[in-house]
There are 2 protein chains.
Amino acid sequence: MYFEDYHIGQTFSVKPISLSAEEIIAFAEPYDPRPFHLSEEAAQKTRFKGLIASGFHTLTAAWSAWVKSDINKDGTICGIGIDHLRWTAPVYAGDTLQSQLTIIAKKASASGHSGTITCLYETQNQHHEKVLSFEGLVLVACRPC
Amino acid sequence: MYFEDYHIGQTFSVKPISLSAEEIIAFAEPYDPRPFHLSEEAAQKTRFKGLIASGFHTLTAAWSAWVKSDINKDGTICGIGIDHLRWTAPVYAGDTLQSQLTIIAKKASASGHSGTITCLYETQNQHHEKVLSFEGLVLVACRPC
C-alpha cells in the first residue's frame with residue numbers, strides 16, 4: 001500500500017504469531033540475558049513462574065507479522081519511531097499473539113513523494129489479554145506516477 | 001543498583017557495541033526481511049547504499065549493553081515501556097555504537113518495595129551521529145532490608 005491508500009481509522013489484522021521456548025532463549029542469550037528469558041527451570045523460580053519472552057523480542061516478532069504482510073508491500077520505506085510503548089502482560093512460550101493495526105494519523109512530507117503514517121499497534125494473547133501496545137511511525141512512499 | 005541509588009540527572013555510559021553483517025542478516029531474516037537488512041548486494045541498490053541493521057536490532061542491541069552492565073545488576077525487575085523512540089541515522093555493519101543513559105524521572109510504587117525509573121537512552125555511532133534515542137521506563141526493586 002502507498003501513502004494515499006492509508007486513511008485514519010483503517011484497521012488491519014495480521015497473521016498470528018507464536019514464540020517457542022527455543023526462539024525465546026536464542027533471542028535472549030545475546031540481547032537480554034535475564035533468568036526468566038533463559039531457561040524454564042530458572043524462570044520457574046522468578047515472579048513470572050515460567051519462561052517469558054524478552055519485551056524486545058515480543059515487540060520485534062509482533063511487528064514482523066506486519067512487515068511480512070501484503071499491506072506492507074511496495075510503499076513502506078522505513079520505520080521512524082515508536083511512542084507510548086507499554087508491555088502490559090508477560091508472553092510465555094507457545095502463546096498465540098494476534099496484532100491489530102489502526103491508522104491514527106498521517107502527514108505528507110514536504111517533498112510530496114512520501115508521508116508518515118502513525119499506527120496504533122495492539123497485540124493480544126490467546127486469553128484476550130493485551131500484552132503490548134505502541135504507536136509506530138512509518139515513512140511510506142506515494143504511489144508512483 | 002536499587003531504586004534508592006538512582007538520582008535524576010545521573011548519567012552512565014555503557015560498553016560500546018558493534019553489529020556484524022552476519023548478525024544483521026541473522027536478526028533480519030525472521031523478523032525484518034527487507035532488502036537493505038538481508039544482503040550487502042541488495043542493500044547497495046537501495047537508498048541506504050549498504051547493509052543496515054533493522055531498527056529493532058539496533059534498539060535491542062544498544063539496550064543490551066545496559067542489561068549486561070554492572071549498573072543493572074540486582075535491582076532491575078523488568079522493562080515497562082518506551083516513549084519517544086526515534087531512529088535518526090542508519091546503522092551499518094561494523095559501526096561502533098556508544099550509548100549513554102541519563103536518569104530523567106523516578107517514581108516510587110505504592111507498595112513501597114519498588115519504583116519506576118525513566119531514563120533517556122541515546123546511542124551514537126563512531127562519527128558522533130545520533131542513531132537512536134528513546135526514553136525507557138524500568139521497574140526497579142528497593143534495597144532489601
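Convention: sequence-line order gives letters A, B, ...; per-chain numbering from 1.
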Quick one: pull up CG in B:Leu85 and CD1 in A:Ile80 and give me the separation to the nearest 0.5 Å. 11.5 Å
When only pairs under 4.5 Å are counted, which of B:Glu135, B:Glu23, B:Lys68 shares the most heavy-atom pairs with chain A? B:Lys68
Could you check which of B:Phe56, B:Phe36, B:Phe134 has the highest count of heavy-atom pairs closer than 4.5 Å to chain A? B:Phe56
For chain B, the option from A:Thr88, A:Ile77, A:Thr46 that forms the most heavy-atom pairs under 4.5 Å: A:Ile77
Look at B:Ser64, B:Ala65, B:Gly55, B:Cys78 and state which one has the largest set of heavy-atom pairs under 4.5 Å with chain A. B:Ser64
Applying the 4.5 Å side-chain criterion to the ILVMFWY set and letting contacts propagate, would A:Ile103 and A:Trp66 be lumped into a single cluster? yes
Any chain of hydrophobic side-chain contacts (each under 4.5 Å) joining B:Ile82 to B:Phe12? yes
Cluster overlap A:Ile71 with A:Leu101, hydrophobic side-chain contacts below 4.5 Å: yes
Please tabulate, one pair per line, all N/O donor-acceptor pairs under 3.5 Å involving side-chain atoms of residues 25-32 of chain A, not counting sequence neighbours.
from: A:Tyr31; atom 1: OH; to: B:His57; atom 2: NE2; distance (Å): 2.6
from: A:Asp32; atom 1: OD1; to: A:Arg34; atom 2: NE; distance (Å): 3.1
from: A:Asp32; atom 1: OD2; to: A:Ser54; atom 2: OG; distance (Å): 2.7

Name the region of A:Leu132, side chain, backbone, both or neither, that has any atom closer than 4.5 Å to a heavy atom of chain B. neither
Heavy atoms under 4.5 Å from chain A: which residues of residues 107-124 of chain B carry them? none
Looking only at heavy atoms, which two atoms of B:Arg86 and A:Gly81 are closest? And how far apart? NH1-CA, 4.0 Å
Donor-acceptor contact below 3.5 Å, side chain B:Asp83 vs main chain A:Asp83: no
So which residue, A:Ile17, A:Val67, A:Asn72, ends up with the most heavy-atom pairs under 4.5 Å with chain B? A:Val67
In the single-linkage hydrophobic clustering (I, L, V, M, F, W, Y; side-chain heavy atoms under 4.5 Å), do A:Trp63 and B:Ile52 co-cluster? no
Is there a chain of hydrophobic side chains (I, L, V, M, F, W, Y, each step under 4.5 Å between heavy atoms) that links B:Leu137 to B:Leu139? yes
